[in-house]
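In what follows, a single structure is set out as structure tokens and then discussed.
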Amino acid sequence: MNGQFSDQLLAWFESCGRHNLPWQQEPEPYHVWLSEIMLQQTQVATVIPYYNRFLQRFPTIKLLADADIDDVLSHWAGLGYYARGRNLHRAAKMICDDYSGDLPANKEQLLTLPGIGRSTAGAIMALAFKQHDAILDGNVKRVLCRFYAVNGWPGQPAVEKRLWQLAEGLTPEINVAHYTQAIMDLGATVCTRSKPQCDICPVASECLARKQESQDKYPGRKPKKTIPLRETVFLLLENRKGEILFEKRPATGIWGGLWCFPECSPDDDIEEWLLAKTGFSASIIKKLSIIKHRLTHFRMEILPVHLKVKQCNNVKAMGEQQWCASGDALKFGVPAPVRNLLLTMSE
DNA sequence: AAGACGGGGCG
DNA sequence: CGCCCAGTCTT
């Protein structure tokens with residue numbers, strides 16, 4: 001029977017699960033939603049300080065909806081995947097407009113909100129509304145791949161389809177909130193990527209991967225490909241007051257909506273490029289050491305160049321711009337390399 | 001179906 | 001350095 005898996009997991013959860021995470025204290029729908037969005041592609045330990053700061057600044061969905069997007073993004077800065085922050089803000093507005101400020105307890109309606117997909121909708125239904133619904137996040141995928149010895153990479157549509165079937169089959173009708181938390185905890189603390197602790201696993205005796213002594217084979221690896229190198233130049237323009245010029249990036253694409261420095265290619269003549277594109281006449285003070293930034297899909301090498309502005313004729317703004325003392329810039333949403341650069345400079 | 005999207009943690 | 005993480009959206 002399917003009930004055995006959930007029963008064993010629930011019994012284990014009671015004594016060994018995590019019951020002290022910040023979003024478990026007041027499990028209201030907003031808290032569950034916020035934590036689920038932050039936890040997408042991001043680990044618990046990283047999320048916790050961001051979660052606490054965010055909720056302190058935006059205690060309710062209404063206050064979030066009414067906030068300025070820059071304010072929202074500055075509290076997201078450093079977490080990555082900034083579309084999550086923008087979607088959260090958009091969804092908060094929709095929730096206020098369409099549902100009087102409360103998350104709908106309805107899966108189809110949740111799925112219409114930006115940033116909420118199948119797994120997050122399932123998590124909100126189960127954890128916040130105690131409704132029977134399955135999730136399939138990275139932890140659950142790993143647990144199920146091992147328990148059923150599912151071959152193939154979980155990102156593969158056929159494999160993912162199979163995993164959803166298994167996840168739905170195992171999810172119990174009752175105690176669904178505890179079960180959902182339990183299977184995530186099992187993946188996070190016991191059925192870990194490397195060195196799983198099968199000796200303390202509540203479902204080890206039925207686990208096919210363990211029977212085959214091939215836990216390391218599951219889940220199947222993502223086919224790897226060589227990731228490209230992207231080289232860029234950060235232009236740190238300083239005016240007479242010692243302020244630095246920042247530009248707001250477009251809402252979509254890398255670091256969408258965050259504040260950054262003007263950027264050119266290493267192939268450009270820097271002073272010429274500046275004059276042509278922005279109207280600033282500036283001279284190079286110093287080229288700083290190259291910053292290496294590694295992402296999932298490419299590597300970045302950033303050359304920061306410090307310049308002094310001599311003259312400004314007809315500034316051609318390429319987007320929103322502002323001059324700002326380097327220390328004050330951290331109040332805005334800036335990407336991690338920019339933050340690190342500013343911190344280094346102020347030392 | 002495939003690619004884009006950030007940053008941190010770990011072996 | 002490679003791989004992964006409480007995924008979703010766009011093309």
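Chain letters run A, B, ... following the sequence lines, proteins first, then strands; residues in each count from 1.
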Hey, does [X] reach any base, or is it just sugar-phosphate, or nothing, if we go heavy atoms under 4.0 Å?
| X | result |
| --- | --- |
| A:R339 | sugar-phosphate |
| A:A336 | sugar-phosphate |
| A:V44 | base |
| A:P223 | nothing |
| A:R84 | nothing |
| A:T296 | base |
| A:G253 | sugar-phosphate |
| A:L21 | base |
| A:Q156 | nothing |
| A:W23 | base |
| A:S119 | sugar-phosphate |

request  = Name the residue closer to the 5' end of DNA chain B, choosing between A:G256 and A:S194 according to the nucleotide with the nearest heavy atom.
outcome  =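 Closest to the 5' end, via its nearest nucleotide, is A:G256.
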task = Please figure out whether A:T252 or A:A158 has its closest DNA chain B nucleotide nearer the 5' end.
result =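 The residue mapped nearer the 5' terminus is A:A158.
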Minimum-distance nucleotide to [X] side chain [options: [options]]:
| X | options | value |
| --- | --- | --- |
| A:H297 | C:dG7, B:dC5, B:dG7 | B:dC5 |
| A:R230 | C:dG7, B:dG7, B:dC5 | B:dC5 |
| A:T46 | B:dA1, B:dG6, B:dG8 | B:dG8 |
| A:T120 | C:dC3, B:dG7, C:dT8 | C:dT8 |

Gap between atom CE of A:M125 and atom CG of A:N106 - 0.5 Å precision =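 Output value for this atom pair is 6.5 Å.
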inquiry  = Distance check, rounded to the nearest 0.5 Å: A:L110 atom CG versus A:W33 atom CH2?
reply    =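 Between atom CG of A:L110 and atom CH2 of A:W33 there are 10.0 Å.
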Donor-acceptor pair present, [X] side chain and [N] base, under 3.5 Å:
| X | N | value |
| --- | --- | --- |
| A:R294 | B:dG6 | no |
| A:T42 | B:dG7 | no |
| A:Q41 | C:dG7 | yes |
| A:R18 | C:dA6 | yes |

request  = Would you mind telling me which residue lines up with the more 5' stretch of DNA chain C, A:L39 or A:I116, judged by nearest nucleotide?
outcome  =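 Looking at DNA chain C, the more 5' nearest nucleotide goes with A:L39.
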request  = Could you check A:Y81 against A:R193 and say which one's nearest nucleotide on DNA chain C is further toward the 5' end?
outcome  =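 Between the two, 5'-proximity favours A:R193.
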task = Check whether any side-chain heavy atom of A:F234 lies under 4.5 Å from a side-chain heavy atom of A:C260, and answer yes or no.
result =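 In contact.
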task = Report yes or no: do A:R142 and A:N139 form a side-chain donor-acceptor pair below 3.5 Å?
result =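 Yes, side-chain donor-acceptor contact under 3.5 Å.
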query = Without hydrogens or angle criteria, can the side chains of A:T232 and A:E263 be said to hold a donor-acceptor pair below 3.5 Å?
reply =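 On atom types as modelled, these side chains qualify, holding a pair under 3.5 Å.
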request  = Over 60° means perpendicular and under 30° means parallel, so classify the ring planes of A:H19 and A:F13, tilted if in between.
outcome  =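 Judged by the thresholds at 30° and 60°, the geometry between A:F13 and A:H19 is tilted.
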